[in-house]
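Below: the structure, in structure tokens.
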Amino acid sequence: MISRLSLQALRVLRTESRRELGTSRRYISTSTSRVSQLSTTRTALLASAAAISTFLISNALLPTIQADSSSVHDKVGSKKPSKLGEQVPDRVHSGTSEKSIKPKGDLVTVKDVLEHKEGDEVWVVIKGGVYDMTEFLDDHPGGREIIESNRSKDVTHIFNPRHPSDQLDAENLPVNVHHLGSIDVENASDEEKAELMLKVSKDEEDEQERVERERKEMEQRGLGVIVNMKDFEKFAEPLLSKVAWAYYASAGDDEITKIANGDAYQKVLFRPRILRKVAQADAKTTILGHPSTIPVFISPAAMAKLGHPDGEVNLTKGAGNTGIIQCISSNASCSLEEMSAARQKDQPLFFQLYVNRNRQTATELIKKVNALKMDAIFMTADAPVGGKRERDLRLKGEFEGPAGGVSEKSGDTKGVSQAMFAGVDPDLNWDDIAWVKSLSDLPIIVKGVQCVEDALLAYQKGADGILISNHGGRQLDTTRPCLDVLLEIRKHAPQLLRPEFRGPTGLSPAALEDPGRLTPPPPPDSKQERKFEVLIDGGISRGTEVVKALCLGANAVGVGRGFLFAQSVAGVDGVEHAVDILEQEILLALRLLGANKLSDLRPSMVEVKE
Ligand SMILES: Cc1cc2nc3c(=O)[nH]c(=O)nc-3n(C[C@H](O)[C@H](O)[C@H](O)COP(=O)(O)O)c2cc1C
């Protein structure tokens, strides 16, 4: 059976297929012997290729690059270009790469591909192109099994939702993946075509039908049925594939922290003030100096394409249209270029950095982030290794290939999450803040702070702020909810907060002395030496929760899953609707609290139940 995407590829190829077949035959045999010669030096090639291997982990967004003679400590391209798209680092293949001398556009017969079902060379077909993956097998973060078990197949429909659409462009292809030419489907027999196609299991067919049906139903319902952020999750579940749902919803072990993150906000209660003019209310703020219409940013969450074909680009567009800020994941399923192209003029974008264990690769990524005019780097520090996310692990077979299909469910295959962390440096440490700073002038935020000691260290080591986060409960389970970390910082290191937020929660003597004052003045000796922002995410789904976090001194909050589900349900419209819901809820909370704007908020407006 021919997959939908392959039919599309077939149509595209029809024009190309008229090219002379003899050439491609000659080319294939040449290429085969060349690869055989290369096999003697494979070890050496793999060693150097590993240095710049890509696909997904941090470097998914990276082009393959020539070894850079400049020091990794050089600041490169950190000055903002005047126009979007300027100063993108050169994307050059290694001059020694064999594939760079392969002619493009040659036709490879289906028969040739099928003949590689056995033997040393592992070929696959993706989006009409034939690729020799042999040298890349060990570098593939999802494991070699997924490629090996689908060798000589058209794997487009496994590839697409997990990789940026420009991943196969010459400049983004890992140096050890060789593009052999275009597949000649036109001249293949029906049997050969059938053999090339991945077998779609009944389960998978049913799932595709279910997803399409649910999407249509959702379109008919319209976004009016979604009145709060939790509704997005409810409506997203039926229209997501099992794999996507498991990946988005999963958290570490028993998911205790994930649940506690949200529940913690219930112990913070408001102390509203009355009889204040609240007709005018405004939720605008700045985050790291950049304007935002609400004090909420999109926390970086990978693999948005699992939920919607346009993936993270939905988040970029939705954020741009509503004036909020997206923090892009290192493991985004759209490329940085795709998101940059969708970015509006002057739209701020933050970038979340997983530091690759190969520091040259990490350096190139930071250079690229500089050159693409991102506005801050969020260095994720709570994920030296991936958490044990069991929903995801249980579906690992389905992640790797269609259930019941040709893909073998090997014990070594990885779920989506596990595949994500293969390249991350587990030795990332406090000195690396200085290292990142040596490569970029952008503000550095340490993401994943979970106790006051580390908040203090982040300040001491020169970070420009912290994101209190436990990765949405996806890492170490039974860590405290993020709100408790904010409370601990208030108690033991209030100097990290802005002066007006260092006072006590609840009733203060100053307020009793002047009950008409909405906000007691900041303590006189509370001069902050350096601008340092305290951000928080985890379990936030309500405007009231946003306002509570702000009363307690957070500059802004991040929302991860909420936006993933919103874009899954309705793409850009879903993101815009989510921002609208949050904005309305924040404004309502402000008004009912007796405040008109975020700068009115103070700790005295809440009380914390112990
Ligand atoms: C599906 C998913 C993928 C995520 N991917 C990343 C990531 O690539 N990098 C990162 O630093 N955090 C990642 N996170 C964590 C989020 O940035 C954020 O800390 C978390 O989602 C906040 O909790 P919430 O989902 O309850 O809002 C991810 C979270 C989810 C749910």
Side-chain angles (χ1 to χ4, degrees), residues 56-61 141 162 229-230 232-233 236 240 243-252 255 257-265 296-308 311-312 315 326-334 350-356 376-384 386-387 389 391-392 399 415-424 428 445-450 466-476 479 481-483 485 535-542 545-546 549 556-568 578 582:
L56 290 176
I57 308 302
S58 314
N59 46 1
L61 304 165
R162 294 166 177 89
M229 290 299 284
K230 287 180 186 148
F232 275 116
E233 181 167 353
L240 288 173
V243 170
W245 172 253
Y247 178 61
Y248 289 176
S250 67
E255 307 191 349
T257 295
K258 174 186 161 182
I259 295 162
N261 271 343
D263 288 352
Y265 283 87
V296 177
F297 61 93
I298 302 179
S299 268
M303 304 300 272
K305 273 199 202 171
L306 283 178
H308 188 283
E312 287 82 2
L315 301 174
Q326 173 194 17
C327 184
I328 295 171
S329 160
S330 263
N331 284 334
S333 50
C334 294
F350 300 154
F351 181 76
Q352 175 267 322
L353 177 71
Y354 277 131
V355 176
N356 196 289
I377 294 178
F378 283 51
M379 190 181 84
T380 295
D382 61 2
R389 303 172 192 167
R391 296 187 202 225
D392 194 39
F399 163 59
V416 184
S417 303
Q418 291 300 309
M420 293 284 153
F421 290 96
V424 175
L428 190 72
I445 306 300
V446 179
K447 178 176 187 284
V449 168
Q450 292 168 78
I466 51 170
L467 172 49
I468 301 170
S469 177
N470 49 40
H471 226 99
R474 292 162 76 81
Q475 289 296 101
L476 183 63
T479 54
C482 295
L483 182 70
V485 181
L535 310 170
I536 185 168
D537 73 13
I540 293 161
S541 63
R542 283 281 180 195
E545 291 161 356
V546 178
V557 312
V559 172
R561 291 184 184 85
F563 282 111
L564 272 184
F565 290 134
Q567 69 94 29
S568 301
L582 285 168

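Both counts, for ligands and for their atoms, begin at 1 and track the order of listing.
- Per-residue contacts place Gly538 under 4.0 angstrom from the following atoms of ligand 1 (heavy atoms of the residue considered): 22 (C), 23 (O), 26 (O).
- Close approach to Thr380 involves these atoms of ligand 1, each under 4.0 Å from a residue heavy atom: 10 (C), 11 (O).
- Taking each of Asp537, Leu564, Asp392, Ile536 in turn, the one with a heavy atom nearest to atom 19 (O) of ligand 1 proves to be Asp537.
- Rounding to the nearest 0.5 Å gives a distance of 11.0 Å between CD1 of Ile328 and CZ of Phe350.
- Remark: of the listed residues Ile468, Ile466, Leu467, Val557, Leu467 is the sole one forming a side-chain contact (heavy atoms from CB on, under 4.5 Å) with Leu535.
- Checking only distances, Tyr247 never comes within under 3.5 Å of ligand 1, N or O to N or O.
- Looking at Ala302 next to ligand 1, an N or O pair under 3.5 Å apart turns up.
- Heavy-atom separations between Tyr354 and ligand 1 include at least one value shorter than 4.0 Å.
- Near Ser329, meaning under 4.0 Å from any of its heavy atoms, are these atoms of ligand 1: 7 (C), 8 (O).
- Among all non-hydrogen protein atoms, the one lying nearest atom 12 (N) of ligand 1 is Lys447 NZ, 3.0 Å.
- Side-chain N or O atoms of Thr257 include one that pairs as donor or acceptor with a backbone N or O of Thr479 at under 3.5 Å.
- Ligand 1 has a nitrogen or oxygen under 3.5 angstrom from a nitrogen or oxygen of His471.
- Of the candidates Met303, Arg474, Arg389, Gln352, it is Gln352 that places a heavy atom closest to atom 9 (N) of ligand 1.
- Closest to atom 26 (O) of ligand 1, if we only count protein heavy atoms, is Gly539 N, 2.8 Å.
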One pair to check against side chain to side chain contact (heavy atoms under 4.5 Å, CB included): His471 and Thr380. What are the steps and the verdict? CA-CA 9 Å; His471 226 99; Thr380 295; 3.8 Å; yes
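- At least one side-chain heavy atom of Trp245 sits under 4.5 Å from a side-chain heavy atom of Arg391.
- Proximity of a side-chain donor or acceptor of Ser330 to a complementary backbone N or O of Tyr354 within less than 3.5 Å is detected.
- Distances from atom 24 (P) of ligand 1 to the heavy atoms of Met229, Met379, Glu233, Arg561 show the closest one on Arg561.
- When the options Ala246, Gly562, Pro300, Ser541 are ranked by their closest heavy atom to atom 16 (C) of ligand 1, first place goes to Pro300.
- Each of the following atoms of ligand 1 lies closer than 4.0 Å to a heavy atom of Tyr248: 1 (C), 31 (C).
- A cation-pi contact links Arg474 to Tyr247, judged by a cut-off of 6.0 Å to the six-membered ring centre and 45° from its axis.
- At under 3.5 Å, not a single nitrogen or oxygen of Gly558, backbone or side chain, sits near a nitrogen or oxygen of ligand 1.
- Each of the atoms 19 (O) of ligand 1 lies under 4.0 Å from some heavy atom of Ser469.
- Rounding to the nearest 0.5 angstrom, the gap separating the NE2 atom in His308 from the CG atom in Leu240 is 11.0 Å.
- One N or O on the side chain of Lys258 and one on the backbone of Ala249 form a donor-acceptor pair closer than 3.5 Å.
- Between the Glu545 side chain and the Ile540 main chain, no donor and acceptor come within less than 3.5 Å of each other.
- Considering each of Ala249, Gly472, Gly307, Gly560, the one bringing a non-hydrogen atom nearest atom 23 (O) of ligand 1 is Gly472.
- Note: Asp537 CG to Arg561 CZ = 9.5 Å, rounded to the nearest 0.5 Å.
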